[in-house]
Amino acid sequence: MDSSEPPARTIASAQPPEASKVVTLFVMVVAILYFGKEVLVPVTLALLLAFVLAPLVTLLRQLQFGKVPSVLVGVILTLGLILVIGGVIGSQIAELTGNIPQYAATLEAKVTSVRNYTIGRLSHLADSVSIHNPHPTGKPPPPPANASSGSLPSILPPLGVSPGPTSNGVSAATTNSPLSIAEKYLGPVLSPLATLGIVFVVAVFALLQREDLRDRLIRLVGSDDLHRTTVAIDDGARRLSRYFITQLCINTLFGVVVGIGLLLIGVPNPVLWGILSALLRFVPYVGSLLSAVLPMGLAAAIEPGWSMVLWTLGLYVVVEGITGQVIEPMVYGHATGLSPFSVVVAAIFWSWVWGPIGLILSTPLTLCLVVIGRHVERLAFLDVLLGDRPALTPVESFYQRILAGDADEAEDHAETLLKQRSLSTYYDEVALKGLQLAANDAQRGVLEHAQLERIKSTVKVLVNSLRARDDEQSSPAKGDRGAIAPLAAENDLPVNCGPATVNPTEEGLPVAWSAEGAVLCIAGSGPLDEAAASMLVQLLGKHGIPSRLVGYQDVSRENVERLDVQGVAMACVSYLNISGSPANLRYLMRRLRQKLPQGAPILVGLWPTQDSILTDKQVQASIGADYFTSSLSEAVTCCVRAAGQSSKEELRQKA
C-alpha cells in the first residue's frame, strides 16, 4: 500500500435519535400549530376542501370544461350550497327564537318537577335529620357580615351620582360610539366571513395548481424515490377524498332521516335539527349525542308529558346505531386505517390546539399522519401508533402470550384465527412458528428455565383446549382411498409429502394400524420439541390414526432398549431447531431402525422450513428416514399414505 494514500476513514454506524431531540421537535411542532392557528387553520381547511372538490373538478374537465371554468364552477357551487344552508339555518333559528316565550312555562314546570323529585327530596331528608338538633354547638349561626338591621345590602350607587370612568380611563360615552358598536356587533359576523373567503381563495389556487403542488411536494420530500413518494401522495389523496365524500353522503342521509323522523314526531323546526345533526356528526363519536341534546330539550318544552322526549331519544339511538354499525361498515368498513383509540386521542389533541375546528379536522389530519408513516420509513412509528393494522403479527402475538404464560389470551387469539383457517393450518402458520421464536431465544440463552417451563405448560393447556375442534379443511371426501400413494421404493430417496388431503376411509384402519399408539410421535432433543410433537399427536387423532407421544429421553442410548414398540406401525420424529447439524438425528435413526418392527417407516418433521436438510438429498440419504416434512399437514398426509399402503397390502394378502 502506498504511504502517500490517505488513511481510510471509518464511518460511524447510524444511531437512533436522542430522546431530548425528539421531545424538542415535538414541542416545536406543537408550538407552531398552537400559535400559528390563525394562518394554519384556513390553509388546512382550504386544502381539505380542495381534496373534496377534486373529483368534481375532474368530472367537469372530462365534460370538456376548461381548467379554470371547472375550478370556478365547482367552487361557486360549493359556496352557493354553503350560503343556502346558512340561510336556512338562520331563518329556522329566527323562527325558533320567536316561539321561545311560549315554551318557557312548560320547560320551567318540568325543571321544577325534576328538581322536586331529586334535589327537593334530598333537602327534605336533610331537614328531617337536622330538625332534632338545629344548632349542634348551642349557638345560633352569626349573621352575614354585610347584613344590617332588617335591610338588604345596597349594590347600586346613590341617586344623583354619575358613574365615573372605567378602569382603563375610558368613559361610558366613549364605549357607545358608532365605531365601538360596529366592532362589537359586526366583528363576530365579519371574522367568520373573512375566514371563509380565505378558505375559498386558497382552495381555488390549490385546485388550479394541483399538479404543480404535487410535483413540488415530490421534489421536497422524495425526489430520490419517485415511485414511493408518488404512491404515498396518491394513497393519501385517495383516502382523504374517499373519507370526506363517503362521510358527507352518510351524514347527509343521517340528517335527512333525523329531520323526517322529527317531523313525524312533531318536534318544531325539523329542518334545522336535521342540518345540525348532519354537521355535528362530523365530530367523531360524540357528534350524534351533541346533536340530540337541543331537539330533546325542545321536545321537553312543548309537551307537558315525556313521550315526545323519549321518542326523540329513541329516534337518534336507532338511526345512529344503524348508521354506525350497519351502513358505515357496509360502505367502507374501517377503510380510514385509524384505530379507535387514536381517533379519540387525536380528537382531544386537535381540539386543544385548534379548538372546535380542530375537533372536526382531527380524523383527516390523523389520517394524513398515518399515510406518511406508512410510506416513510423514519416515520413508521406513526402508522404503528395511530393505524389500525395489528402492531404484532399473529406469530408474534402467539409467542408473546405463551411467554407471558397467559393461556386464556392464547386461546382467545387462537379462536379468532380459527374462524378463517383449519386447526392444522393454525398450528403450521402460527403455533409452530411461534415455538420456533421461543426455541431460537432458548438457544441464544435469553430464556430462563422458569420461562421455558411456563411456555411448555401454556402450550400444553392451549393444545388441550383445542382438542374438541375438527380439522375441517383437511378432511377428505368419501372414497379417496385410491388417492393414497405408496411409500417410496427402497432404492429411492426420501420424499416430501404434499398437503393433507386424504384420511382413513370408512372401512377402517388396517389391523396393523388399529392398535393404541400405532404412530409413535417422538420429540426431538430441543426443550420445546415435545410441544410441537403434541400437536401432531392431536391432529393424527382427529384424522382417525391412533398415536402416542414419547420424549427424547425415552429414545436415548440408555433408555431405547426399554422403549415399548408393540403395535407401532410408524414413527414420527419432531424437531423445532436442529441447527443444521444432523449427527444426533442420524444416530437416532439407527437406534429406531434397530428397535422398531421390521418395515415400519420413519418420518422426520423439521418445522423450520429453511433448514438445509429439507433440500439436501445427500444429507437426507445419510440420515435414512423415509419422509421429511416441514409442516404438520404434510406429516398427517404421510401417515395416511403409509396407512393406505398397509391397507392395500393387507387386502392383497387376503385375496
Side-chain angles (χ1 to χ4, degrees), residues 38-93 189-218 230 232-257 259 271-272 274-283 331-332 335-336 356-357 360-361 363-365 367-368 371:
E38 298 297 334
V39 176
L40 295 177
V41 169
V43 173
T44 304
L45 287 173
L47 294 178
L48 294 178
L49 180 62
F51 277 113
V52 175
L53 295 180
L56 176 60
V57 173
T58 302
L59 177 62
L60 292 176
R61 294 187 64 179
Q62 291 176 352
L63 297 177
Q64 304 306 318
F65 280 77
K67 182 178 182 180
V68 175
S70 299
V71 173
L72 294 179
V73 169
V75 172
I76 291 173
L77 289 177
T78 304
L79 181 60
L81 180 61
I82 292 176
L83 293 178
V84 169
I85 294 176
V88 172
I89 292 176
S91 63
Q92 291 284 308
I93 292 177
V189 177
L190 294 179
S191 179
L193 292 179
T195 303
L196 183 64
I198 295 174
V199 168
F200 274 92
V201 170
V202 176
V204 168
F205 281 96
L207 289 171
L208 290 175
Q209 303 292 324
R210 182 171 52 175
E211 292 80 6
D212 181 67
L213 290 176
R214 181 196 60 196
D215 296 341
R216 293 178 183 275
L217 184 61
I218 292 175
T230 304
I233 294 175
D234 292 342
D235 185 23
R238 183 177 62 255
R239 284 175 178 269
L240 286 174
S241 297
R242 180 174 54 188
Y243 169 77
F244 272 115
I245 294 174
T246 305
Q247 279 295 102
L248 180 62
C249 296
I250 292 177
N251 293 352
T252 302
L253 178 62
F254 177 83
V256 170
V257 174
V271 177
L272 173 63
I275 294 176
L276 291 181
S277 299
L279 295 177
L280 287 175
R281 201 175 181 279
F282 281 100
V283 179
V331 173
Y332 60 77
T336 57
I357 296 296
I360 297 176
L361 298 179
T363 300
L365 291 175
L367 179 59
C368 292
V371 173

Throw together a table of side-chain donor-acceptor distances under 3.5 angstrom for residues 83-92, partners on residues two or more places apart or in other chains.
{"from": "S91", "atom 1": "OG", "to": "G87", "atom 2": "O", "distance (Å)": "3.3"}
{"from": "S91", "atom 1": "OG", "to": "V88", "atom 2": "O", "distance (Å)": "2.8"}
{"from": "Q92", "atom 1": "OE1", "to": "N269", "atom 2": "ND2", "distance (Å)": "3.1"}

Please set out all donor-acceptor pairs under 3.5 angstrom arising from side-chain atoms of residues 71-82, sequence neighbours excluded.
{"from": "T78", "atom 1": "OG1", "to": "G74", "atom 2": "O", "distance (Å)": "2.8"}

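Judged as a salt bridge (charged side-chain N to carboxylate O under 4.0 Å, His left out), the pairs with a partner in residues 65-81 (not counting sequence neighbours) are, in order, K67-E211.
How far CG of L207 is from OG1 of T58: 9.0 Å, rounded to the nearest 0.5 Å. Atoms CG and CG, from L253 and L248 in turn, are 11.5 Å apart once rounded to the nearest 0.5 Å. The distance from atom CG of L45 to atom CG of L40, rounded to the nearest 0.5 Å, is 11.0 Å. To the nearest 0.5 Å, the span separating CD1 on I245 from CD1 on I250 amounts to 12.0 Å. Atom CG of L272 sits about 4.5 Å away from atom CG of L276, to the nearest 0.5 Å.
Annotation: F282, atom CZ; neighbour count of heavy atoms from other residues, nucleotides and ligands within 6.0 Å is above 12.
When side chains are defined from C-beta on, F200 counts as touching L49, because their heavy atoms get closer than 4.5 Å.
When all heavy atoms of R61 and S70 are compared, the pair lying nearest together is CG-OG, 3.3 Å. Contact between A203 and A50 at its shortest, heavy atoms only, is O-CB, 4.5 Å. Annotation for P42 and I198: closest pair CB-CG2, 3.9 Å, computed over non-hydrogen atoms. The minimum heavy-atom distance linking A206 with L47 is given by the pair CB-CD2, 4.1 Å.
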